[in-house]
Colleague: 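The structure is given below, and queries will be raised subsequently.
Treat the numbers as computed from the prediction; the structure is a model and nothing was measured. Note on naming: letters A, B, ... go to the chains in the order of the sequence lines (proteins, then strands), and numbering restarts at 1 for each one.
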Amino acid sequence: MSETENSTTTNFIRQIVEQDLKTGKNDGHVHTRFPPEPNGYLHIGHAKSIVLNFGIARDYNGQCNLRFDDTNPHKENIEFVDSIQQDVRWLGYDWQDRLFYASNYFQQLHDFAVELIQAGKAYVCDLDGEQMRAYRGTLKAPGQESPYRSRSVEENLALFARMKAGDFADGERVLRAKIDMGSPNMNLRDPTLYRIRHGVIHHQTGEAWCIYPMYDYTHPVSDALEGITHSLCTLEFEDHRPLYDWVLDNISISCHPQQIEFSRLNLEYTVLSKRKLTQLVDEGFVEGWDDPRMPTVAGMRRRGYSAASIREFCLRIGITKSDGLVEMGMLENCIREDLDAHAPRRMAVMHPLKVVIENYPQGQSESLTAPNHPKDEAMGERQIDFCREVYIDQADFREQANKKYKRLVTGGEVRLRNAYVIKCEAVMKNNQGEIVELRCSYDPETLGKNPQGRKVRGVVHWVSAQHGVKGEVRLYDRLFNQANADKVEEGGRFTDNLNPDSLRTLTDCYFEPALAKAGVGEQYQFEREGYFILDSREAAREELVFNRIITLRDSWAKIDKTGG
RNA sequence: UGGGGCGUCGCCAAGCGGUAAGGCACUGGGUUUUGAUCCCAGCAUUCGUAGGUUCGAAUCCUGCCGCCCCAGCCA
């Protein structure tokens, strides 16, 4: 697809980078990083950050590291570490040999902490969580200094060593920065630097450590150690920046990256917080992290979104500091644009209605040729079998309708896509009065050309009853009913907003024979219906199972609804 | 004693003192063996608001209003 990448794309962060380059800051280097915590799967909000960080590195001849911010072992695991790498790669980015873990720096982090203690800028505090909260003050009232704040350097050194040695239980003591309990910025009221965590096996360091550094302390040090020039993060870290700078100003390290914040992505009809996504998975509201309805990279991949379309989306929404709620239509347009250009066309009938073509010889069939793409001849063609009995979609026939309805009506004509024009001669019903079959005739002169003297406006897709392959289709709709899925009534839960009809399964579908050879990861357009992909988890099954990625734009639906 | 941010079309977003880009959505019209695609046209006299500075303000200044974030030993 025509990615706007690196052409017109600019944003305030790129402007800062360009300015830095111009003034020779950082010796003309650009070095970014994408630093996820491995406590869940990546979602489209992460994709925004990935596209930003790796994109800047690529466009300004710099580098971008992948770094796991793995300082809180009991929320993290190796499954997440693996999935994150897979997802970043799938999105099209390469960190080469620069895969890092914050835990790589545990020793250095420790040594810098000792340095802070020696400089009288950090102390061991015995207050428990509740006491600490009380001492911290409130948003409007200053905090009180901890009674342990004035311990001697020697005592702090000894205590910190004992923390590290495992002499204390979880929560018994922490190491704190000595900054300002009266600061209007809560983050500067002697923030915790280290806490004690026993009995957890860290996915990288095992049981080597029982003290773990906090994000606010770890992040600036990790960035500096890696020579990051621009440390990009989301808006909620804005008031952590003074602490980020404090850490680097008070340890013996020369590199001092610039933290720049941008707004996180909010998307209509879904949630993008790891906490909530975790709940959806853990409480069984969805099949898993890769459920096709999930806004995760894994879910979107399984759903059939292309990496290019996700990248394009991330570029189109831009980077700013204002928080917004992006319409789904924006994302949908990106995938439709990509798939329209690249997906081969096929025919599939999802609500079959049998059509018997009475003047077509019994037992006969023929192989018709159909292009794989209406505009791109290079995509070739395939054979489609035609015979006396075919299926069309129930929605493509009405006993009677006004002239706005361009499909088949009793006594009317319609073209079978890539085949002949047929005319409905009779409607067969069962005892309940339901339509079960159509009796039609076909005009043998209409293959590849229009009939003489009359216009046939409608075209419908079809599948040969004799040659078609039966299978399943899963139709996905928005996961939530509310555009702002996070917004809940007093006392409610965000899961109250879940759309009960986000998944519909159709088991009585017919696919044209060429679809039997569909491979994992191949997207198709089922003409007049939408874009589909084989479900990767069901690919081993004998029966075909397709996921609907997205419908085609449907202007008929609007006309029909307004009384067409 | 509160602090930090943000307000430009329905949504996203350029704009950086010289007279409101673009994309999505939407509305018309054309082409079409997909009611798709494609093409063409339309869509902010006005930038949260009230003042001020200026020949000139979305851009600078002041006040007001609205929204978001912060009181984890989470990130």
Side-chain angles (χ1 to χ4, degrees), chain A residues 4 8 10-11 15 35-37 39 69 71-72 74-75 125 127-129 132-134 136-143 170-176 182-189 191-197 212 214-216 218-219 233-242 261 263 268 274-275 315-334 336-337 340-341 345 347 370 373-375 404-407 415-419 421 446 448-450 456-461 483 525-530 551-560 564:
Chain A
T4 47
T8 54
T10 189
N11 57 56
Q15 288 176 0
E37 183 188 14
N39 66 345
D69 225 326
T71 57
N72 188 7
H74 75 229
K75 288 169 69 181
C125 183
L127 257 26
D128 64 30
M132 242 213 250
R133 197 179 322 125
R136 190 156 31 230
T138 68
L139 291 177
K140 296 186 178 180
D170 286 14
E172 218 178 313
R173 281 181 173 77
V174 294
L175 182 72
R176 291 227 256 171
S183 172
N185 182 344
M186 301 295 284
N187 299 114
L188 265 18
R189 322 245 261 228
T192 299
L193 265 23
Y194 268 92
R195 77 285 216 183
I196 298 168
R197 285 278 180 278
Y212 289 93
M214 299 287 289
Y215 164 86
D216 279 318
T218 307
H219 211 82
C233 63
T234 44
L235 244 31
E236 67 271 25
F237 293 105
E238 224 155 7
D239 34 334
H240 293 234
R241 193 186 336 126
E261 310 84 10
S263 66
E268 282 188 342
K274 248 193 248 180
R275 203 194 97 243
L315 293 170
R316 288 191 192 179
I317 57 174
I319 299 290
T320 66
K321 289 172 79 97
S322 56
D323 33 34
L325 182 61
V326 177
E327 289 178 345
M328 262 300 179
M330 192 80 94
L331 215 208
E332 293 175 343
N333 177 265
C334 292
R336 284 196 183 110
E337 213 171 79
D340 175 55
R345 312 287 123 123
M347 293 199 285
H373 191 102
K375 290 182 169 172
K404 280 187 182 169
Y405 187 79
K406 301 199 318 198
R407 311 176 188 184
R415 169 170 301 276
L416 294 179
R417 175 76 164 154
N418 297 128
V421 169
T446 55
K449 51 180 184 271
N450 286 125
V456 177
R457 290 167 69 220
V459 179
V460 302
H461 54 97
Q525 183 194 97
F526 291 176
E527 289 191 283
R528 303 208 314 130
E529 293 288 0
T551 61
L552 253 31
R553 191 175 276 111
D554 186 5
S555 57
W556 163 246
K558 288 171 205 163
I559 301 167
D560 194 29

Colleague: Kindly indicate whether the side chain of Cys334(A), heavy atoms from C-beta on, has any atom under 4.5 Å from the side chain of Arg316(A).
Modeller: yes
Colleague: Among the candidates A13(B), C12(B), G5(B), find the nucleotide nearest to the side-chain atoms of Lys321(A).
Modeller: G5(B)
Colleague: Has the side chain of Arg415(A) got a donor or acceptor that lies under 3.5 Å from a partner of the other kind on the base of U33(B)?
Modeller: yes
Colleague: With both distances kept under 3.5 Å, what pairs with G42(B), Watson-Crick or G-U wobble?
Modeller: C26(B)
Colleague: When you measure only distances, ignoring hydrogens and angles, does the side chain of Glu529(A) come within 3.5 Å of the base of U34(B) through a donor and an acceptor?
Modeller: no
Colleague: Could you check if a side-chain atom of His240(A) sits within less than 4.5 angstrom of a side-chain atom of Asn185(A), using non-hydrogen atoms only?
Modeller: no
Colleague: Please tell me which of the listed nucleotides, A14(B), U1(B), A36(B), lies nearest to the side chain of Pro142(A)?
Modeller: U1(B)
Colleague: Please report the distance separating the C1' of U1(B) from the corresponding atom of A13(B), rounded so that it comes out in whole Å.
Modeller: 37 Å
Colleague: Is Arg173(A) salt-bridged to Asp128(A), going by a charged N under 4.0 Å from an acidic O?
Modeller: no
Colleague: Using purine N1 to pyrimidine N3 plus N6-O4 or O6-N4 for Watson-Crick, or N1-O2 and O6-N3 for G-U wobble, each under 3.5 Å, what pairs with U32(B)?
Modeller: none
Colleague: Under 4.5 Å between any side-chain heavy atoms of Leu416(A) and Val421(A), yes or no?
Modeller: no
Colleague: Just checking Asn418(A): base, sugar-phosphate only, or nothing, at a heavy-atom cut-off of under 4.0 Å?
Modeller: base
Colleague: Which nucleotide sits closest to the side chain of Gln15(A): G35(B), U34(B), G15(B)?
Modeller: G15(B)
Colleague: Which atom pair, heavy atoms only, marks the closest approach of Leu188(A) to Pro242(A)?
Modeller: CD2-CB, 4.0 Å
Colleague: Pick base, sugar-phosphate or nothing for Glu268(A), based on heavy-atom distances below 4.0 Å to the nucleic acid.
Modeller: nothing
Colleague: Please report the shortest heavy-atom distance between Asn450(A) and Arg415(A), naming the atom on each side.
Modeller: ND2-NH2, 3.8 Å
Colleague: Now, which nucleotide makes the Watson-Crick or G-U wobble pair with G66(B), with each of the two distances under 3.5 Å?
Modeller: C6(B)
Colleague: Which heavy atom of Asp69(A) sits nearest to which heavy atom of Thr218(A), and what is that distance?
Modeller: OD1-CG2, 4.4 Å
Colleague: In terms of side-chain heavy atoms of Ser322(A), which of C6(B), G15(B), U34(B) is nearest?
Modeller: C6(B)
Colleague: Where the side chain of Lys140(A) is concerned, which of A14(B), G2(B), C38(B) is the nearest nucleotide?
Modeller: G2(B)
Colleague: Between Ser263(A) and Gly458(A), which residue's closest nucleotide on RNA chain B lies nearer the 5′ terminus?
Modeller: Ser263(A)
Colleague: Protein within reach of the bases, or only the backbone? For nucleotides 69-75 of chain B, mark each nucleotide 5' to 3' as B, S or -, using heavy atoms under 4.0 Å.
Modeller: SBBSBBB
Colleague: Taking any strand in view, what nucleotide pairs with C47(B) in a Watson-Crick or G-U wobble way, both distances under 3.5 Å?
Modeller: none
Colleague: When you match Ile319(A) and Lys375(A) each to their closest nucleotide on RNA chain B, which lands nearer the 5' end?
Modeller: Ile319(A)
Colleague: Which nucleotides of nucleotides 20-30 of chain B have their base under 4.0 Å from a protein heavy atom (B), which only their sugar-phosphate (S), and which neither (-), written as one string 5' to 3'?
Modeller: ---BSSS----
Colleague: On a whole-Å scale, what distance lies between the P atoms belonging to G23(B) and G51(B)?
Modeller: 35 Å
Colleague: So Ala419(A), base contact, sugar-phosphate only, or nothing? Heavy-atom distance under 4.0 Å.
Modeller: base
Colleague: Taking side chain to side chain contact (heavy atoms under 4.5 Å, CB included) as the definition, give me every residue that meets it alongside Ala134(A), ordered by chain and number, with sequence neighbours left out.
Modeller: none
Colleague: Does Leu552(A) reach the side chain of Gln525(A), with side-chain heavy atoms less than 4.5 Å apart?
Modeller: yes
